[in-house]
Amino acid sequence: MTEPIRDRLVSLRRSFHRHPEPAWREFLTTARLVDEIRAIGVDELAVGPDAYDPADRMAVTDDDLEPWIERARERGADEDLLERMTGGNTGAVAVLERGEGPTIGLRVDIDGLFIEESTDSEHHPANEGFRSKIDGTMHACGHDAHMTWGLAVLETIAESDFSGRLVVFFQPAEETGGGGCPMAKSEFADNLDYLLAIHVGLDHPTGEVVAGIEKPLAMSHVDATITGTSAHAGKAPNEGANAMHAMGAAIVNAYGIPRHSDGMTRVNIGKAEAGTASNVIAEHAYMEAEARGETTALMEFMERRLERTIKSAAKMHGCRAEVDVVSKSPRADSDPELQALVSEIANGVEGIDHVLPAADFGASEDATFLMERVQDEGGLATYMIVGTDHPTSHHTPTFDVDEASLQHGVDVLVGTIRDLERRHPVPRVDDGATVEHGESGPLGESGALGETGTRTEDDG
């Protein structure tokens, strides 16, 4: 019999850490998840195109996937699963059906990043022997911990007397903003009463929990290709249309897009390539950019301005530009009702000594697709953070997590799911429940909803 996941949180997380796979290439990762889910025993398991419509995917890679498939095959991935994931349709959804009760969704992400992990002896994964085995690829954002949480919660709930429906989304392609949309549009997101999403760290230390983020930035990833006309740079530069010059103008002008008075906006050109040689007028240029906004409308404003800026710069230099929005995600805030409930649960978890009911996020996340769908259909959603002492920032070669936080995350999630089962339906603030606001957040330092949805002195 397989050793219970709750007794091997560290070893399971480390095994995922050794084999990071980037967006839409998570073949071995998905196969490993499926093996664990089958060992747990669930009522429904959908993989890849059975979990979502592949046509809804965003930021789908054009790279050759065969090396990633072959690597997974060499490491024992089930051939039928690999066949099902043809075309990069990775990820899975697991469902527990346990009779009458609420329908609760849990979303965790599974992809790695194109970052070369440090070999420094002071880097814990290198020192302990679980550094990435894939050159140039790393779990530098904690998704290895997230998958471990998802599996451990699934196992714990499966073995409990839980009554209701639990849907766990093991979502691919978060780092590119590509996987949240298809998961949110899938049948598995139908009729969710509650949606929980979770992240590790994000500059919150071990022992701290944020019950629900606020103000995630809506985001749009944009690729642009500028096409001009090549010419000899010395003999006849006037005969060319310089795509590099157009790109340079586009970059400068993009950073000059006015910021909006309605809220925070961002724009960035993160990658730019052009030209073939010093004596050739560049015929092609390519850029990868992003636009963000404090609201979805502000993001769309910046996206439109960015597209106009790029196309105008191209036209000015006699070139043409194609602009492609490869992925985007909306803003969705955590619901105060769930912020309150998670706060109460987290305050009772061993090892957690500080609970923030809310915190501004300041970044972007495609879990907001699922949050938005649940909220639009009358449900409640929250995106929580379980703190961890990470020695360097996310997306760096020396990122790591304090493995004590693995148990914290499981305990908070399981406690929240069981409390949602017990309290369902959770009263809405605008349906007569009241939530007090304290200095540290919408509910105060330890505010939580009582049985009736009203925060009382005893509840804090």
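- If you check the side chains of R6 and T156, you find no donor sitting under 3.5 Å from an acceptor.
- Ring pair F361/Y383: centre-to-centre distance below 6.0 Å.
- In this structure, H139 and H17 have tilted ring planes: the angle between them lies in the 30° to 60° band.
- Ring pair H390/H394 is perpendicular by interplanar angle, where above 60° counts as perpendicular and below 30° as parallel.
- Results of the side-chain hydrogen bond (donor to acceptor under 3.5 Å, both in side chains) test with R25 over T61, T137, D111 single out T61 as the only residue that passes.
- Taking 4.5 Å as the limit, some side-chain heavy atom of F162 sits within range of a side-chain heavy atom of E421.
- Partner of V355 under the side chain to side chain contact (heavy atoms under 4.5 Å, CB included) criterion, out of N347, V412, V349: N347 alone.
- Annotation: side chain of V34 is in contact with side chain of L45 (closest heavy-atom distance under 4.5 Å).
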Evaluate salt bridge (Lys or Arg N to Asp or Glu O under 4.0 Å) for R331 paired with E214, printing each intermediate quantity in order. CA-CA 9 Å; R331 170 174 168 173; E214 297 179 342; over 6 Å; no
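- The residues K271 and E273 are annotated as salt-bridged, a charged nitrogen and a carboxylate oxygen being separated by less than 4.0 angstrom.
- Side-chain atoms of D335 and Q375 form a donor-acceptor pair, as typed in the model, at a separation below 3.5 Å.
- Heavy-atom neighbours of E122 CD from other residues, nucleotides or ligands within 6.0 Å: at or below the threshold of 12.
- Using modelled atom types and a 3.5 Å distance limit, the side chains of E322 and T225 yield no donor-acceptor pair.
- Between M384 and L196 the shortest heavy-atom distance is CE-CD2, 4.2 Å.
- Around the CD atom of E159, the shell of radius 6.0 Å holds more than 12 heavy atoms that belong to other residues, nucleotides or ligands.
- Looking only at atom types and distance, the side chain of N89 has a donor-acceptor partner in the side chain of R57 under 3.5 Å away.
- Side-chain contact annotation: H124 with D400, donor-acceptor N/O pair under 3.5 Å absent.
- Checking I269, V325, D324 one by one against V222, the side chain to side chain contact (heavy atoms under 4.5 Å, CB included) holds for a single residue, V325.
- For T388 and D402, the side-chain atoms include no donor-acceptor pair closer than 3.5 Å.
- A cation-pi arrangement is absent between R71 and F27 under the rule of less than 6.0 angstrom and at most 45 degrees off the ring axis.
- A salt bridge is absent between D161 and R98; no separation between the charged side-chain nitrogens and carboxylate oxygens falls under 4.0 Å.
- In this structure, R423 and E337 have side chains that are not in contact, with every pair of non-hydrogen atoms separated by 4.5 Å or more.
- With contacts defined as side-chain heavy-atom distances shorter than 4.5 Å, the pair T103/N191 does not qualify.
- Counting non-hydrogen atoms of neighbouring residues, nucleotides and ligands closer than 6.0 angstrom, the CD atom of E66 exceeds 12 such neighbours.
- Crowding of R75 atom CZ: a count of heavy atoms from other residues, nucleotides or ligands under 6.0 Å exceeding 12.
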